[in-house]
Amino acid sequence: MRVLGIGEVVWDVFPDRELLGGAALNFCVNTLRLGDHANLITAVGSDLRGLTALDAMRSFGVDTEFVAVTQELPTGAAFVSRDANGDPHFDIPRPAAFDRAGLSPRTFETAVGLWPDWLYFGTLMQMEPSVEELTQRLMDSLPGVRGFYDMNLRPGNWTPPLVERLCHLATVLKLNESEAETLGPFADFSLASFTLAKFCKRWAARYNIDTICVTRGGDGCFVYHKGKIHEAPGYRTVVADTVGAGDAFAAAFLHGYHRNWPIERTALFGNALGSIVASRPGAIPEWTLEECLGLAAKDGSAG
């Protein structure tokens, strides 16, 4: 499987430390570790954070050919805080270097020449019109490519019309339960009438999406696939840091989905890797394929 990712590189800034992350980078690193191919279109600043990020990306095995370096803006940063439930919230100053991501005519042709099976994209970087235009150009230039839309709605960094346009590009949509509830009114559901099953059915039909995967933290995930509902339980773990767990889930889910694994197996595999990443600090902790496969071989149980 070959994936071309379009998305941000940011430093997750905690009160006591900074760790390299960004949904697209996290996804690509995990995809590479699974034995698939991934390239990333993004941008960093020429500052220390940007140069350090480039070195780290190369150490992860991420090809930096499509990573622009700009002197105009600082490398992206996400200031992380936690709510009463321990869930992370991100304050992401804009504009940032990733808003300058783009491809020259030569690198555009190089990217198209990779003939990726999938384009991976989120919402954050697509707020920049030139990035959304690039994503659409790539879609138009790659007949047969499929879109994996990892929604990741951040306050102040999405609009309903943008989400709708991106959903039209998606074969697979991944979002979390809170995001599904946020979008409920746009699918004409009141809070009283909202259910994941009804939301997914209506959303998939409206945007011609084959599969919608809703992550539910420790409770696993809910998958709507071609008109059928599948629920996969999570795995019991001691959570160290949930940042990056959803991105790991996305990489593992797409790994199985592309290979036409049964949806139940695919979902459990995603839950397993997400659980492993959540049990370790940082968005891109070390893990092995063997431990992921071993955990996924179990039935899965949140408790």
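Quick note: residue numbers are just sequence positions, from 1.
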Student: Cluster question for you: counting only ILVMFWY and a side-chain heavy-atom cut-off of under 4.5 Å, with indirect links fine, are Val172 and Trp203 together?
Tutor: no

Student: Is it the case that one hydrophobic cluster holds both Val10 and Val131, taking links as side-chain heavy atoms less than 4.5 Å apart, direct or via other members?
Tutor: yes

Student: May I ask you to decide if the ring planes of Phe249 and Phe253 are parallel, tilted or perpendicular, using 30° and 60° as cut-offs?
Tutor: parallel

Student: Would you say Leu20 and Phe14 are hydrophobically clustered, going by side-chain heavy atoms of ILVMFWY under 4.5 Å?
Tutor: no

Student: Taking side chain as C-beta onward, heavy atoms only, is Thr31 less than 4.5 Å from Val29?
Tutor: no

Student: Could you verify whether a donor N or O on one side chain and an acceptor N or O on the other, from Thr107 and Thr110, lie under 3.5 Å apart?
Tutor: no

Student: So is Arg259 actually on top of Trp261's ring, under 6.0 Å and inside 45° of the axis?
Tutor: no

Student: I need the minimum non-hydrogen distance between Ile212 and Ala204, along with the two atoms involved.
Tutor: CD1-N, 3.7 Å

Student: Measuring only between side-chain heavy atoms, which start at C-beta, is Thr42 closer than 4.5 Å to Arg100?
Tutor: no

Student: Passes salt bridge (Lys or Arg N to Asp or Glu O under 4.0 Å), Arg146 versus Asp117? Steps please.
Tutor: CA-CA 6 Å; Arg146 292 183 283 178; Asp117 302 295; over 6 Å; no

Student: Would you call Leu119 and Leu4 a side-chain contact if the rule is heavy atoms closer than 4.5 Å?
Tutor: yes

Student: In the single-linkage hydrophobic clustering (I, L, V, M, F, W, Y; side-chain heavy atoms under 4.5 Å), do Phe98 and Phe108 co-cluster?
Tutor: yes

Student: Specify the closest pair of heavy atoms between Gly256 and Thr266, including all atoms of both residues, with the distance to one decimal.
Tutor: C-OG1, 3.7 Å

Student: Check whether any side-chain heavy atom of Ile229 lies under 4.5 Å from a side-chain heavy atom of Val223, and answer yes or no.
Tutor: no

Student: Quick one, Asp188 and Arg206 - any side-chain contact, counting heavy atoms below 4.5 Å?
Tutor: yes

Student: Determine the minimum heavy-atom distance between Asn271 and Gly220, stating which atoms define it.
Tutor: ND2-CA, 3.7 Å

Student: Please determine, by modelled atom types, if Trp287 and Asn30 share a side-chain donor-acceptor pair under 3.5 angstrom.
Tutor: yes

Student: Would you call the rings of Phe199 and Phe194 parallel, tilted or perpendicular, where under 30° means parallel and over 60° means perpendicular?
Tutor: tilted

Student: For Asp36 and His255, test the side chains for any donor-to-acceptor distance below 3.5 angstrom and give the result as yes or no.
Tutor: yes

Student: Identify the two heavy atoms, one from Arg33 and one from Glu286, that lie closest to each other, and give their separation to 0.1 Å.
Tutor: NH2-OE2, 3.7 Å

Student: So does Ser193 get a backbone contact from the side chain of Lys198, meaning a donor-acceptor N/O pair under 3.5 Å?
Tutor: yes

Student: Does any part of the side chain of Leu153, heavy atoms only, come nearer than 4.5 Å to the side chain of Val163, both counted from C-beta?
Tutor: yes

Student: Side-chain contact, heavy-atom cut-off 4.5 Å: Phe148 with Cys213?
Tutor: no

Student: May I ask you to check whether Arg216 and Asn176 show a side-chain donor-acceptor distance below 3.5 Å?
Tutor: no

Student: Between the side chains of Thr211 and Tyr224, is a donor N or O closer than 3.5 angstrom to an acceptor N or O?
Tutor: no

Student: With heavy-atom distances below 4.5 Å as the criterion, would you say the side chains of Val3 and His37 are in contact?
Tutor: no

Student: Verify the cluster assignment for Leu40 and Trp11: are they in a single hydrophobic cluster under the rule of side-chain heavy atoms below 4.5 Å apart?
Tutor: yes

Student: What pairs with Tyr149 under ring pair (Phe, Tyr, Trp, His ring centres under 6.0 Å), at least two apart in sequence or on another chain?
Tutor: Phe121

Student: Just by distance, no angles: are the side chains of Gln126 and Thr135 close enough, under 3.5 Å, to form a donor-acceptor pair?
Tutor: yes

Student: For a salt bridge (Lys or Arg N to Asp or Glu O under 4.0 Å) check, start with the C-alpha distance between Asp140 and Arg137, then their side-chain angles and the critical distance, and finish with the verdict.
Tutor: CA-CA 5 Å; Asp140 293 342; Arg137 283 180 59 213; over 6 Å; no

Student: Is it the case that atom CD in Glu133 sees more than 12 heavy atoms from other parts of the structure closer than 6.0 Å?
Tutor: no

Student: Starting from the C-alpha separation in whole Å, work towards a yes-or-no answer on salt bridge (Lys or Arg N to Asp or Glu O under 4.0 Å) for Arg106 and Glu65.
Tutor: CA-CA 11 Å; Arg106 180 189 65 81; Glu65 181 176 8; 3.7 Å; yes

